[in-house]
Amino acid sequence: MYAAVTLVILVCLTATTHADHHQPCHSPNMTGFMSAVKIKGEMRAFGAFTYDSMGKKLRFRSNESNFVNASLSLDLLMFFEEGVFYEIDSKNQTCEKKALQCTIHPLQIPDDARFLATVNSGNPSIEGEGLKINAWVGSMPFTKGRAGFYSMSVTMGCLPVFTMYLDETTVMFSLLDVENEIKDPDLLVVPSFCQGLPVEETPEGTVNSFLNEFM
Ligand SMILES: *[C@@H]1O[C@H](CO)[C@@H](O)[C@H](O)[C@H]1NC(C)=O
Ligand SMILES: *[C@@H]1O[C@H](CO)[C@@H](O)[C@H](O)[C@H]1NC(C)=O
Ligand SMILES: *[C@@H]1O[C@H](CO)[C@@H](O)[C@H](O)[C@H]1NC(C)=O
Ligand SMILES: *[C@@H]1O[C@H](CO)[C@@H](O)[C@H](O)[C@H]1NC(C)=O
């Protein structure tokens with residue numbers, strides 16, 4: 001893990017020296033699993049996601065099974081276009097609706113990301129043993145007055161593999177078992193018990209984002 005951090009820091013430092021003719025690709029609709037790990041070694045969350053790349057909607061629900069010892073239990077429904085999201089508690093049928101101050105998330109490369117390199121994971125010369133990935137980097141809107149960095153790695157078909165956010169806390173998201181479709185569109189619909197809610201006030205100095213939910 002620490003090696004990965006060092007790599008990303010290097011990546012961030014060298015990124016500006018590369019000329020760039022690439023445009024960030026756009027991920028397709030996807031369903032799969034996502035894990036979020038804090039670099040100090042804490043598993044923050046693991047669960048299933050559903051992503052609508054055109055409508056810019058994302059659902060993430062923690063997997064309640066005990067095989068992952070995650071510290072957070074989350075159910076998030078994000079509407080990046082509208083700039084709002086819901087924190088859902090299905091058991092209690094309650095909901096909070098909040099404004100998004102930052103729309104960065106691990107399923108889409110930001111349009112202003114810089115292409116870094118194409119790299120191989122595993123051994124590309126053995127069939128089935130290699131994964132070719134494109135690495136992208138960029139800076140994030142600051143939290144607490146400092147700029148952060150992200151590094152996103154995607155397959156040639158633009159499926160995200162992992163994304164690392166380096167701020168005062170570092171969080172890494174990994175995606176697993178991705179399928180190129182939305183399997184259950186109802187997951188991207190606001191539950192009836194969440195409808196008609198007012199947007200909660202964002203406290204001064206708070207930046208709401210998908211990432212911040214895992215900090
Ligand atoms: C992605 O999903 C949305 C919502 O279900 C759908 O409207 C859209 O056509 C899908 N896009 C593709 C490329 O399948
Ligand atoms: C929890 O994760 C396991 C392993 O990936 C998966 O088989 C199961 O379907 C998941 N359950 C939910 C509710 O997502
Ligand atoms: C789960 O995590 C908590 C705190 O991170 C730790 O105290 C506990 O021992 C862990 N349990 C297992 C089964 O790993
Ligand atoms: C439901 O709400 C009650 C009161 O707010 C709370 O104590 C309880 O933990 C909640 N249950 C769940 C599953 O979140």
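All ligand and atom numbering here is 1-based and tracks the order in the structure. Since the model is a prediction, treat every value here as computed from it, not as a measurement.
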Distance from atom 5 (O) of ligand 1 to nearest protein heavy atom, with residue and atom | I182 CD1, 3.9 Å
Please list, chain by chain and in numerical order, all residues satisfying salt bridge (Lys or Arg N to Asp or Glu O under 4.0 Å) with E179, sequence neighbours excluded.
-> K183
Connected-component partners of V199 among ILVMFWY, side-chain separation under 4.5 Å = L77, F79, V84, Y86, I88, I182, L188, V190, F193
Using the ring of each side chain (for Trp, its six-membered ring), is F60 parallel, tilted or perpendicular to F210, with breaks at 30° and 60°?
-> perpendicular
Which residue and heavy atom of the protein sit nearest atom 4 (C) of ligand 2, plus the separation | F67 CZ, 3.7 Å
Residues H105, Y51; criterion side-chain contact (heavy atoms from CB on, under 4.5 Å); working and verdict = CA-CA 11 Å; H105 65 88; Y51 181 57; 3.5 Å; yes
Nearest protein heavy atom to atom 2 (O) of ligand 1, by residue and atom, and its distance?
-> N29 ND2, 2.4 Å
Spacing of S209 atom OG and K98 atom NZ [to the nearest 0.5 Å] | 11.5 Å
From CA spacing to verdict: ring pair (Phe, Tyr, Trp, His ring centres under 6.0 Å), F214, F173 | CA-CA 10 Å; F214 296 83; F173 292 86; 5.0 Å; yes
For N63, counting its heavy atoms only, list the atoms of ligand 2 lying under 4.0 Å from any of them.
-> 1 (C), 2 (O), 3 (C), 8 (C), 10 (C), 11 (N), 12 (C), 14 (O)
Nearest-contact summary for atom 3 (C) of ligand 1 - protein heavy atom, Å | D52 OD2, 3.5 Å
Any protein heavy atom under 4.0 Å from atom 9 (O) of ligand 1?
-> no
Heavy atom of protein inside 4.0 Å of atom 13 (C) of ligand 1, strictly below = no
The protein heavy atom nearest to atom 7 (O) of ligand 2 is F33 CZ, 4.7 Å
